[in-house]
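What follows is a set of notes on a single structure, which appears directly below.
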Amino acid sequence: MVPQRATACRNNNSARRHAPCICAANVQIGVRNKGETMGHNNTNAPVSRFPEVTRPKLEGGRRFVMKSEFAPAGDQPTAIAELAAGIQAGDRDQVLLGATGTGKTYTMAKVIEQTQRPAIILAPNKTLAAQLYGEFKGFFPDNAVEYFVSYYDYYQPEAYVARSDTYIEKESQINEAIDRMRHSATRALLERDDVIIVASVSCIYGIGSVETYSAMTQDMVVGQMYDQREFIGQLVAQQYRRLDASFQRGGFRVRGDVVEVWPAHLEDRAWRFDFFGPELEKITEFDPLTGAKTDDFKQIRIYANSHYVTPRPTMQQAIKGIRDELRVRLGQLNDEGKLLEAQRLEQRTNFDLEMLEATGVCNGIENYSRYLTGRAPGEPPPTLFEFIPDNAIVFADESHVSVPQIGGMYRGDFRRKMVLAEHGFRLPSCMDNRPLKFEEWDAMRTQSVFVSATPKEWELDQTGGVFTEQVIRPTGLLDPQVEIRPVEMQVDDLLDEIRRVTAQGLRTLVTTLTKRMAEDLTEYFHEQGIKIRYMHSDIDTIERIEILRDLRLGAFDVLVGINLLREGLDIPECGLVAILDADKEGFLRSETSLIQTIGRAARNADGRVIMYADHITGSMERAMAETERRRTKQIAYNEEHGITPQTVRKNVDDVLAGLWQGDTDQSRITAKVDKPMVGANLAAHLDGLRAQMRKAAENLEFEEAARLRDEVKRLEAVELAVADDPLARQSAIEAAAEDAVNSRGRSTAGRAGQRGGNKRSKRRG
């Protein structure tokens with residue numbers, strides 16, 4: 001069977017073929033002709049899209065409404081007006097050069113509100129993405145602000161090391177909360193106009209085609225006639241599981257004429273479909289925990305429980321294509337005398353094919369994505385960028401980091417897959433399961449705004465060197481003064497400066513070039529009576545957050561690091577930034593790194609920067625010139641408007657605020673439960689505390705995770721003390737518990753005398 005195709009042109013140079021919309025049971029994706037290229041958004045003119053994507057949106061027509069108690073100030077009004085005008089005029093590329101602390105996120109939100117266009121915000125890492133998600137959620141509480149990052153808590157990719165003949169099997173652990181948010185994001189893009197997606201750069205990896213995902217839906221309308229058995233069959237085809245006993249997300253249950261479905265995108269709501277014979281009488285939204293009704297609907301659209309859902313006809317077509325490639329590849333390997341590789345490939349691929357035929361899935365199914373999506377060899381994989389509408393705005397936050405990441409992802413992935421294919425672990429088509437190439441992303445993206453304090457050459461080349469500047473801070477704060485001192489006595493000179501800054505009640509940040517130097521410097525200053533810690537890549541993520549909290553609270557006064565600008569530091573108490581060996585030209589002392597590091601002192605009116613260098617490098621000269629240019633402009637603005645710089649006042653909790661509040665909405669629970677007493681089963685109680693600690697860390701509630709960790713340590717110490725001496729006095733037990741906790745609530749990482757972060761106990765719960 002050759003499926004019909006419809007051609008949709010996006011520009012003069014490329015065309016794209018799509019399968020027409022067919023019901024879920026008969027969807028089939030056709031393979032493109034050889035040499036046919038993927039259509040991209042190279043122009044801003046309206047283009048044809050999939051019939052499923054252009055159908056009426058059930059929740060469309062809503063406007064962006066921004067809520068904030070602050071009005072634009074400083075450079076923000078000018079920046080907002082320029083960016084909005086450029087987008088309305090059709091400019092494909094714009095650059096926002098915004099200094100640290102000038103409110104770039106607020107500017108982006110205002111541009112979205114003025115243009116009334118959906119947006120995707122690219123962040124270089126999950127931590128920054130979580131911060132941006134929280135900020136945009138606060139700005140647009142009534143609109144669809146969604147979070148789309150990698151849903152792996154742990155991921156070990158499949159790999160082969162030929163030198164040692166070592167095969168590393170793929171291992172992964174999926175975070176269910178993030179998986180739900182990814183489903184919510186893709187559904188919102190297809191069902192709403194007021195959508196803001198906050199995504200990490202991992203969104204350029206394949207997620208399944210928008211054609212199949214859009215077609216594998218069910219529209220349920222009250223008053224229409226349906227066959228209940230066919231409805232249930234369609235749910236199974238959408239990969240929903242029947243869970244009559246333990247109802248959970250991604251499942252459904254049947255009770256007579258009532259079918260209850262928990263959609264993949266909802267956290268604490270489910271839908272109930274009441275049938276009277278073949279007629280759908282009512283659609284009700286309810287709380288699965290309490291059973292309370294929350295809403296009524298006239299029409300509902302149910303999306304699949306997986307982005308990788310594959311209809312049966314497409315699966316059969318894919319299996320045929322995989323067999324054909326296997327036959328050709330085995331011939332090549334046998335002709336080359338690679339009999340071991342040929343046998344290995346035949347065994348592994350035939351096992352996968354048997355699993356696909358029997359169950360529809362197999363381990364590593366993503367390696368056959370070319371056949372499952374109907375793409376031609378070498379064609380771009382389906383990604384989130386195929387879901388976003390043509391009028392969306394792409395904001396690349398911290399573009400000096402996020403844009404280079406996009407180019408680097410493909411090259412690393414390609415090398416690993418090529419080794420697997422060469423040695424018979426995978427078919428060569430596995431290399432089409434990949435992230436987008438930089439050129440493909442560049443062609444596919446819509447109108448874009450690159451946001452950074454230090455934009456790179458590529459971003460400026462796209463705009464012909466033109467950029468919108470935002471260097472005036474609403475608080476009137478200035479960029480810090482930069483001073484250069486000789487390297488010869490840098491350690492002793494820094495020691496004297498730290499004591500002066502500490503006497504003023506402020507904190508100091510010190511950047512070094514190596515981990516060893518950071519640890520040695522910490523040990524030396526500790527011997528001199530300075531309260532100091534270090535932080536580098538060997539410190540756990542939770543410990544890093546705790547170290548920053550303790551620095552702000554005054555548990556110690558000096559933090560030593562290597563590339564502190566990467567930690568997203570926002571420390572208003574910072575009075576001094578010291579850059580050791582600033583004249584060692586390289587990545588850590590480049591113009592971009594120096595400007596970003598200097599910006600760490602811009603949150604305090606008394607902030608200063610000292611560079612220790614014997615000569616001024618080109619990067620130092622450019623960084624100081626840019627800082628002085630911004631400072632001069634800021635001083636002139638403050639004098640003209642009579643503004644006195646004020647240090648940012650920010651609660652410590654603001655930095656540590658979690659993204660999620662947990663899986664259960666406690667405000668809906670009215671029952672009072674007494675707190676369980678310790679003693680019934682201490683081992684079980686400790687296991688429960690450890691489980692709570694891991695869940696708190698997963699939900700980014702780091703303070704709660706640290707408190708639970710300290711409680712576990714305390715109880716373990718009490719148990720040990722009682723076991724050693726059952727007649728021990730209470731004071732001795734309390735002393736042992738206090739020693740175990742070791743300054744309760746404080747991080748134990750980065751202390752002097754340690755190497756490589758925490759020295760953890762070998763005992764495991």
Side-chain angles (χ1 to χ4, degrees), residues 480-540 543-565 567 569-582 588 597-598 600-613 647 652 655 706 739 741-759:
Q481 291 181 316
V482 181
E483 185 180 352
I484 298 178
R485 296 185 183 178
V487 172
E488 185 179 2
M489 299 294 290
Q490 62 179 1
V491 175
D492 291 332
D493 183 79
L494 176 58
L495 179 60
D496 185 53
E497 286 293 336
I498 287 172
R499 285 173 173 155
R500 292 181 188 176
V501 172
T502 303
Q504 300 173 17
L506 301 177
R507 317 284 184 265
T508 303
L509 299 179
V510 182
T511 64
T512 65
L513 288 173
T514 64
K515 294 179 183 179
R516 179 64 181 266
M517 185 175 181
E519 294 169 357
D520 288 346
L521 192 67
T522 300
E523 192 163 343
Y524 175 73
F525 281 168
H526 175 70
E527 293 170 355
Q528 302 304 313
I530 302 296
K531 293 190 291 184
I532 185 171
R533 296 278 183 87
Y534 64 81
M535 182 167 71
H536 52 58
S537 59
D538 288 343
I539 305 293
D540 293 343
E543 296 284 3
R544 293 184 200 180
I545 303 295
E546 292 176 354
I547 287 173
L548 297 182
R549 176 199 64 189
D550 291 350
L551 177 66
R552 294 201 59 197
L553 289 174
F556 57 94
D557 302 312
V558 183
L559 179 60
V560 183
I562 300 169
N563 196 7
L564 289 176
L565 66 94
E567 308 299 339
L569 299 186
D570 181 7
I571 303 177
E573 297 83 4
C574 177
L576 173 65
V577 172
I579 304 175
L580 302 184
D581 300 309
L588 293 174
T597 307
I598 289 169
R600 301 310 107 193
R603 302 278 183 175
N604 194 292
D606 299 319
R608 295 182 299 129
V609 176
I610 299 178
M611 291 186 184
Y612 290 96
T647 299
V652 177
V655 179
D739 290 341
V741 173
N742 195 11
S743 183
R744 179 171 174 162
R746 302 292 179 206
S747 167
T748 58
R751 291 184 182 277
Q754 293 189 169
R755 296 289 177 186
N758 255 356
K759 291 193 173 179

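Here the structure is a predicted model, which means the values were calculated and not measured.
Counting heavy atoms from C-beta on, the side chains of Gln490 and Ile610 never come closer than 4.5 Å. In this structure, Arg507 and Leu559 have side chains that are not in contact, with every pair of non-hydrogen atoms separated by 4.5 Å or more. You'll find the side chain of Val501 stays beyond 4.5 Å of the side chain of Asp557, heavy atoms only. Contact of the Pro572 side chain with the Arg552 side chain is registered, since non-hydrogen atoms from C-beta on lie closer than 4.5 Å. Counting heavy atoms from C-beta on, the side chains of Val577 and Ile598 never come closer than 4.5 Å. Here the side chains of Tyr534 and Leu521 are not in contact, with every heavy-atom distance at 4.5 Å or above.
Across every non-hydrogen atom of Tyr612 and Pro486, the tightest pair is CD2-O, 3.6 Å.
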Pair Glu497, Thr508 - check side-chain contact (heavy atoms from CB on, under 4.5 Å), show working.
CA-CA 9 Å; Glu497 286 293 336; Thr508 303; over 6 Å; no

Decide side-chain contact (heavy atoms from CB on, under 4.5 Å) for Ile530 and Tyr524; before the verdict, give the C-alpha distance in whole Å, the side-chain angles of both, and the deciding distance to 0.1 Å.
CA-CA 9 Å; Ile530 302 296; Tyr524 175 73; over 6 Å; no

Would you please test Ile532 and Val510 for side-chain contact (heavy atoms from CB on, under 4.5 Å) and show each step?
CA-CA 10 Å; Ile532 185 171; Val510 182; over 6 Å; no

Checking side-chain contact (heavy atoms from CB on, under 4.5 Å) for the pair Arg500/Leu576: CA distance, chi angles, key distance, verdict?
CA-CA 10 Å; Arg500 292 181 188 176; Leu576 173 65; over 6 Å; no

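The CE atom of Met517 sits 10.5 Å away from the OG1 atom of Thr522 when rounded to the nearest 0.5 Å. With rounding to the nearest 0.5 angstrom, the CZ atom of Arg533 is 10.0 Å from the NE2 atom of His526. Distance CZ/Arg608 to CG/Leu506: 9.5 Å, rounded to 0.5 Å. Atom-to-atom distance recorded for Gln528:CD and Asp496:CG is 12.0 Å, nearest 0.5 angstrom. Rounding to the nearest 0.5 angstrom, the gap separating the CZ atom in Phe556 from the CG atom in Leu551 is 4.5 Å. Interatomic distance, CG of Asp520 versus OG1 of Thr512, reported as 9.5 Å (0.5 Å rounding).
With sequence neighbours excluded, the residues forming a side-chain contact (heavy atoms from CB on, under 4.5 Å) with Leu588 are Leu513, Ile562, Asn563, listed by chain and number.
The pair Glu519-Arg516 does not count as a salt bridge, with every side-chain nitrogen at least 4.0 angstrom from each carboxylate oxygen.
The environment of Glu483 atom CD is dense: over 12 non-hydrogen atoms of other residues, nucleotides or ligands sit within 6.0 angstrom. Taking a 6.0 Å sphere around CD of Glu488, one finds it holds 12 or fewer heavy atoms contributed by other residues, nucleotides or ligands.
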